[in-house]
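Worth saying up front: this structure is predicted, and the values here are computed from it rather than measured. Naming convention: chains lettered A, B, ... in sequence-line order (proteins, then strands); numbering from 1 in each chain.
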Number of protein chains: 2
Amino acid sequence: MAIGIKISLNEGLFQRDPQSTALGQKIIKHSILLIDEIGFEAFNFKKLAVRMQSTEASVYRYFENKHFLLLYLVCWYWEWVSYLIDVNTMNIEDPKRRLEIIIHTLVSASQENPAIEYVNESVLHRVVVAEGSKAYHIKDVDEENKVGFFLNYKQLSAKVATVIEELDANFPYPHAFASTLFEMANNHIYFAEHLPRLTDVKVQQGNFEEVEGMLKYFAFRLLCKNSG
Amino acid sequence: MAIGIKISLNEGLFQRDPQSTALGQKIIKHSILLIDEIGFEAFNFKKLAVRMQSTEASVYRYFENKHFLLLYLVCWYWEWVSYLIDVNTMNIEDPKRRLEIIIHTLVSASQENPAIEYVNESVLHRVVVAEGSKAYHIKDVDEENKVGFFLNYKQLSAKVATVIEELDANFPYPHAFASTLFEMANNHIYFAEHLPRLTDVKVQQGNFEEVEGMLKYFAFRLLCKNSG
DNA sequence: TGTTCATGATAGCAATACTATTATTGAAAA
DNA sequence: TTTTCAATAATAGTATTGCTATCATGAACA
């Protein structure tokens, strides 16, 4: 996997670019691990500082508060998925095949070889599955949307919507179905693990094949009139 | 609308049953309004007490903390939807018609005539749309699930799954699709209002017809082979 | 060599999340 | 009627959280 890919994110998300310094990278690394361990509600900058052997004040120099840090991590994740989709669908013409690859990538992004040493992609995936929706279910969603904090997610969604439109030009809900694919992928992984009666798929030891199968079933039953 | 319907909820959700006293009902009423106004993160028992002209300590006698209060409200909402679905599908045999009614009820539950004076159903609906997923995206989800806090939602989901199975006995994901319907209904209302590029439907002044149309389109395209 | 700038160390303050104690009230029970 | 009892109000208090300010240190760099 390429070393040196740089995930570029909206500058308003942080006070100082955490990717550009050793301390910033430590913040990213340990915040992922700590949120995964204790959950976003119990997580705070004091605990993070202790864990990474730094100080609360130093963390505040990078992120305004823990909400922005979570949003940063979530954006990072979607940007990473977006990058993987681009790489994996490069030179693939057939839209059906493209959508298959998109779904596969979406579900298995966390198992790709680590690209960046300070981000444990598979732990980050767990964090996004468990806490990701809190990044946009906030009172200030409109202000934050206005300044572009959700652009990554919207662009990724638009990219997938384009493929859906290619596949079935008459399908009336391409954007909705694109975002539903993302939401379903994460939701059903969470359900399988914690509320299994809300789904029909099983997940064990990071094996998400059944989720992938389900998403493909939904996609091709909705979009392809004659395909199994 | 019937007066005196009683929403019955898991007793572990509260310290003292809020439906049984005037103060408890005031807590329900004002917490819905206040969470809607300032969002769940900014909401706390001190502000609630001031708003309802009572004291913090009194609120704590009903709910252990604000998480349990939110969970209570969410459970209340799903129990209310469940009740409406039962009433509306009573004596309807055709499973296709039943599913149509379920989807309609799901989307327009908030517009039913108020049944209980201390609950503003349409504000509660906004709260569930905006904050509902925080009720189960928590570190203690497994413990809370074990003691039955999510039973309402799971039973409702099971109820809908049954109809899906009647409609298409070979459909392999009835539970997943049932919960997806609930999640989509709320998500796309939220998207339409705050992140419109993530959906294709429009919502204005509490008119959710386009959401309803979309859910029906998904449902019948997935489940009925010949109903375009 | 002096300046700049990131970080560490420490302190502090206002708000939050609760708990405890006592007083009051209003309704049920005797 | 009086007693008693439970629910609530009033008040206070503690530990933690969320965040800011200040100053010292030490590396980079001009």
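- Distance A/N44 CG to C/dA15 P: 19 Å, rounded to the nearest Å.
- Electrostatic pairing of A/R126 and A/E131 does not count as a salt bridge here, judged by no charged N lying under 4.0 Å from a carboxylate O.
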Intermediate values then yes/no, side chain to side chain donor-acceptor pair (under 3.5 Å), B/S54 and B/K26: CA-CA 10 Å; B/S54 177; B/K26 262 178 82 178; over 6 Å; no

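- The interatomic distance linking B/L23 (CG) with C/dT25 (C1') rounds to 14 Å, in whole Å.
- As rounded to whole Å, 13 Å separates atom C1' of C/dT16 from atom CD1 of B/I38.
- Listed here is the closest heavy atom pair of B/F63 and B/L69: CE1-CD1, 3.5 Å.
- Closest contact between the side chain of B/T21 and the listed nucleotides D/dT8, D/dA9, C/dA17 involves D/dT8.
- With 3.5 Å as the limit, one finds no donor-acceptor pair spanning the side chains of A/E144 and B/H194.
- Within the nucleic acid shown, B/R61 comes within 4.0 Å of at least one base atom, counting heavy atoms only.
- Taking only side-chain atoms of A/K47, from C-beta outward, the nucleotide of C/dT10, D/dT11, D/dT17 with the closest atom is D/dT17.
- For the pair A/I27 CD1 and C/dG8 P, the computed distance is 9 Å after rounding to whole Å.
- Relative to the side chain of B/Y60, the nucleotides C/dG8, C/dA17, C/dA6 differ in distance, and C/dA17 lies closest.
- The shortest distance between the side-chain N/O atoms of B/S54 and the OP1/OP2 oxygens of D/dT8 is not below 4.0 Å.
- With rounding to whole Å, A/L48 atom CG is found 14 Å from D/dC19 atom P.
- One finds no side-chain N or O of A/T55 lying less than 4.0 angstrom from the OP1 or OP2 phosphate oxygen of C/dA9.
- When the shell of 6.0 Å around CD of A/Q111 is examined, it contains more than 12 heavy atoms from other residues, nucleotides or ligands.
- A close approach under 4.0 Å does not occur between any side-chain nitrogen or oxygen of A/N65 and OP1 or OP2 of D/dG18.
- Using a 4.0 Å heavy-atom cutoff across all strands shown, B/F43 reaches no nucleic acid atom at all.
- The phosphate of C/dT7 (OP1 or OP2) has a side-chain N or O of A/R16 nearer than 4.0 angstrom.
- C/dG8 atom C1' lies 12 Å from atom CE of A/M52, rounded to whole Å.
- Whole-Å rounding puts the A/K26 NZ to C/dA6 P distance at 17 Å.
- Distances shorter than 4.0 Å separate none of the side-chain N or O atoms of B/Y62 from OP1 or OP2 on D/dA7.
- If you take CD of B/Q15 and P of D/dT8, they are 13 Å apart, rounded to a whole angstrom.
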